[in-house]
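Input: a single structure, listed below in structure tokens.
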2 protein chains.
Amino acid sequence: MSEQKIRNMEEFAAVSGLSRPTVSKYFNDPDSVRSTTRARIEAALERYDFRPNIYAVNQNRRLTKNIGIVVPYLADPVFAEHARSIEKLCNDAGFRSILLSSHGGSDQERENLDSLRALKPAGVLLAPLGRASDRSEIERFCRDVPTVLFDSNIEGMGEAFIGSDNASFVNQTVDYLCRSGETPCFFEMRTPANPNANKRRIAYIQAMERHGQEPVVVSVEGDGWGFEEIGRQGAHSAIAAGDFKTDTILCSNDRLAIGVLAACYERGLRVGRGPGCAFRVASHDDHPFSRFTCPALTTAAHNYSAVAERSVKTLFEVIENGGHLRNRTETLLPAQLVVRASA
Amino acid sequence: MSEQKIRNMEEFAAVSGLSRPTVSKYFNDPDSVRSTTRARIEAALERYDFRPNIYAVNQNRRLTKNIGIVVPYLADPVFAEHARSIEKLCNDAGFRSILLSSHGGSDQERENLDSLRALKPAGVLLAPLGRASDRSEIERFCRDVPTVLFDSNIEGMGEAFIGSDNASFVNQTVDYLCRSGETPCFFEMRTPANPNANKRRIAYIQAMERHGQEPVVVSVEGDGWGFEEIGRQGAHSAIAAGDFKTDTILCSNDRLAIGVLAACYERGLRVGRGPGCAFRVASHDDHPFSRFTCPALTTAAHNYSAVAERSVKTLFEVIENGGHLRNRTETLLPAQLVVRASA
DNA sequence: ATAAAATTTTTACTCGCGTAAAAAATATGC
DNA sequence: GCATATTTTTTACGCGAGTAAAAATTTTAT
């Protein structure tokens with residue numbers, strides 16, 4: 001890091017005593033040059049910090065070394081967690097990752113895709129909004145850019161889908177709740193943004209039937225991504241109306257459950273397994289904070305790292321395969337039950 | 001959106017019946033061309049969706065229309081919230097924003113700056129890690145790239161700093177707690193990652209002295225960004241050891257408080273103002289979930305939107321001013337007390 | 001209608017790098 | 001030590017746009 005500033009690869013090649021094409025070759029693949037010349041370049045890199053102009057580099061490449069990551073709502077720690085794992089894997093593989101949040105709105109999702117298209121990414125990992133997504137826009141995007149969907153599936157779009165196995169989530173919680181106490185009532189939003197929510201409801205009903213029990217589904221109104229508040233208000237009215245036929249509430253996701261816990265607390269109702277508890281509450285996702293709710297939340301955990309690894313691995317396969325896979329695969333990863341104090 | 005694909009500006013100029021330089025002029029400033037030609041271009045844009053290749057556009061520009069946003073830990077909803085507000089303002093102003101998280105580590109922070117430097121952003125909004133930051137690296141970065149710091153200050157770095165007024169946060173909580181019950185003990189990490197934590201401790205001690213009260217500071221061990229768990233374990237031992245001399249705990253930040261609430265719950269200690277409560281707990285930040293803790297957390301709220309607005313506004317001034325301001329300013333925005341059930 | 005002003009076109013060069021082809025230099029095997 | 005294989009250099013063009021200067025055109029004002 002000394003001497004005068006290097007302005008471009010030409011100058012850098014000069015100070016390292018090589019020709020520009022050789023240096024260019026090095027930056028595209030350090031192992032493609034003889035080890036002695038590689039050493040000379042790396043020695044020069046120590047003295048003059050030079051990096052190829054990424055705009056000039058990307059101008060010619062049909063595909064860049066960029067990978068786009070789109071999540072529906074980054075302020076939701078579940079997605080922050082997903083994004084973090086994925087980002088790390090991409091960076092380790094030598095890609096630059098570009099993280100975009102749709103902030104819960106389809107306008108923003110559309111803008112994100114638009115903006116990504118302009119970046120000519122090698123591939124995109126997309127967790128769509130779900131119900132609110134502009135399907136035709138996503139379809140158009142997937143035609144142009146190698147895309148792998150994760151977290152929430154949209155039938156037939158993208159080269160593959162990697163997500164959690166909602167049936168596995170729900171079966172584990174339902175089984176556990178049934179064998180350890182009263183049968184669970186299912187608590188959800190009536191019009192969930194995310195398609196996983198529907199899958200979970202269906203899985204709940206099936207699981208209850210398998211247990212020979214009557215399913216009870218409590219659906220509450222509410223729009224947007226303020227799930228905690230929706231859960232809190234919904235729980236207040238459901239409890240007041242006596243909608244929960246048993247003492248056990250299985251929430252569609254942890255954020256709703258956090259709202260339910262708040263409502264119970266506000267009503268002076270104790271939650272947990274012990275005597276003196278009015279309700280047991282369990283849920284799905286293993287939200288980063290569910291360890292710290294009062295009481296700590298029993299939930300079915302995403303295998304965050306497995307989802308990230310499979311998603312990234314699949315995207316790399318797509319990229320190596322020229323942007324397309326022979327047939328679209330759907331990978332569903334099982335959940336792991338985490339029993340805590342709430343149920 | 002019909003007809004054949006346009007490959008570059010030359011072709012687009014042809015189909016709109018104009019010359020390339022004129023079209024180029026339009027894209028740099030739509031108002032710089034005669035309104036009739038502007039209309040012709042925009043009509044063509046409807047038919048053939050064309051966008052100038054951003055790599056070619058940025059290759060020559062010394063500065064791009066990119067703005068970098070760096071936060072220390074995106075999985076922390078407080079930063080997710082900050083990032084969201086800032087991102088929106090930048091996008092609305094016609095910039096592309098690039099959001100990067102340092103994931104709590106200085107290596108990643110260094111990499112982020114490195115990666116941003118390569119993107120030649122018009123400006124960067126940086127919330128540094130704080131204690132863990134590589135100061136000399138940040139200094140070097142700020143020399144090269146117009147940078148405004150936010151959230152946590154590093155003496156003298158960047159063109160300006162915009163953050164929250166920690167004294168205002170703490171004065172409001174301390175005043176409120178003192179006038180409504182026993183005086184608060186201050187609960188914090190011994191070696192906080194974030195410099196705001198130190199300012200808050202100091203402000204606490206001064207506030208207590210102003211009230212003529214003996215300050216009690218309980219500092220707990222713990223490293224990293226798992227504040228909730230650090231708070232939980234720390235609270236367990238502090239309570240067991242009788243470190244809290246009064247029944248009121250003022251936490252340095254909400255995430256610690258969430259841990260304290262969990263510990264109290266686990267010990268069967270009721271938190272709140274009412275009779276039968278063992279502790280009152282209050283805190284700072286207004287974490288998006290503090291509304292939903294049990295009990296809901298009394299806290300001093302960041303003015304998220306004001307921080308975002310001032311930061312972005314300041315950065316724009318820096319940019320318009322050629323990357324530097326005459327003298328570095330520090331803007332501290334006051335907090336707003338939010339009284340909930342916990343204290 | 002005409003001169004002056006504003007805008008657009010033409011032409012040509014630049015930016016920094018990828019990349020292809022042929023020539024030159026260097027390394028490797030026997 | 002020599003033929004062969006490998007690597008590097010030389011040369012040259014392309015990518016997609018910004019931009020400058022001069023020429024041509026259109027608009028506006030008088």
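By convention in this document, chain letters (A, B, ...) are assigned in the order of the sequence lines, proteins followed by strands, and residues within each chain are numbered from 1.
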- [ ] Specify the separation, in whole Å, of atom CZ of A:R38 and atom P of D:dT7.
- [x] 14 Å
TODO: Indicate whether OP1 or OP2 belonging to D:dG18 is found under 4.0 Å from a side-chain N or O atom of B:S24.
DONE: yes
Open item on the list: I want to verify a distance call: between C:dC17, C:dT8, D:dG18, whose nearest atom is closest to the B:L18 side chain?
Closed with: C:dT8
TODO: May I ask you to verify if any side-chain N or O of A:T22 is less than 4.0 angstrom from the OP1 or OP2 atom of D:dT9?
DONE: yes
- [ ] Please report, rounded to the nearest Å, how far the P atom of D:dA20 is from the NZ atom of B:K25.
- [x] 11 Å
Open item on the list: Of the options D:dG18, C:dT8, C:dG16, whose atoms approach the side-chain atoms of B:T37 most closely?
Closed with: C:dT8
- [ ] Considering only NZ, NE, NH1 and NH2 on the basic side and carboxylate oxygens on the acidic side, decide whether B:D92 and B:K88 come within less than 4.0 Å.
- [x] yes
Task: Separation of atom CZ in B:R61 from atom P in D:dT19, rounded to whole Å - done: 6 Å
- [ ] Would you mind reading off the distance between A:Y55 atom OH and D:dG18 atom P, rounded to a whole angstrom?
- [x] 14 Å
Open item on the list: Check B:E42 with B:R38, please: is the shortest side-chain N to carboxylate O separation under 4.0 Å?
Closed with: yes
TODO: Compute whether any side-chain donor of one residue and acceptor of the other, for A:N327 and A:T329, lie under 3.5 angstrom apart.
DONE: no
- [ ] Under 4.0 Å between any heavy atoms, over every strand shown, what does A:Y26 touch: base, sugar-phosphate, or nothing? Just pick one.
- [x] nothing
TODO: Specify the separation, in whole Å, of atom CD of B:E10 and atom C1' of D:dG14.
DONE: 14 Å
Open item on the list: Which nucleotide wins on minimum distance to the side chain of A:N28, given the candidates C:dT8, C:dG18, D:dA17?
Closed with: C:dG18
Task: B:N60 CG - C:dC17 C1' separation (whole Å) - done: 12 Å
Task: Closest-nucleotide 5' rank along DNA chain C - winner of A:V23 and B:V33 - done: B:V33
Task: N-O pairing of B:E81 and B:R84 below 4.0 Å - done: yes
Task: A:R140 and A:E137 ion-paired at < 4.0 Å - done: yes
Task: Check: C:dG18 base within 3.5 Å donor-acceptor of A:R20 side chain - done: yes
Open item on the list: Regarding A:F50, tell me which of base, sugar-phosphate or nothing describes its non-hydrogen contacts under 4.0 Å with the strands shown.
Closed with: sugar-phosphate
Open item on the list: So if I take every side-chain heavy atom of A:A56 and compare against D:dT8, C:dG18, C:dG16, which nucleotide ends up nearest?
Closed with: C:dG16
TODO: Can you tell me the distance, in whole Å, between the CG atom of B:N53 and the C1' atom of D:dG18?
DONE: 13 Å
Task: Atom of A:L74, atom of A:S101 and distance for their closest heavy-atom approach - done: N-OG, 3.2 Å
- [ ] Identify which nucleotide among C:dT19, D:dT8, C:dG16 has an atom closest to any side-chain atom of A:R34, counting heavy atoms from C-beta outward.
- [x] D:dT8
- [ ] Name the closest nucleotide to the B:P21 side chain, picking from D:dT19, D:dA17, C:dT8.
- [x] D:dT19
- [ ] Return the nearest nucleotide to the side chain of A:S19; candidates are D:dT10, D:dG18, D:dC15.
- [x] D:dT10
- [ ] Please state how far atom CZ in A:R51 lies from atom P in C:dG16, giving the value in whole angstrom units.
- [x] 16 Å
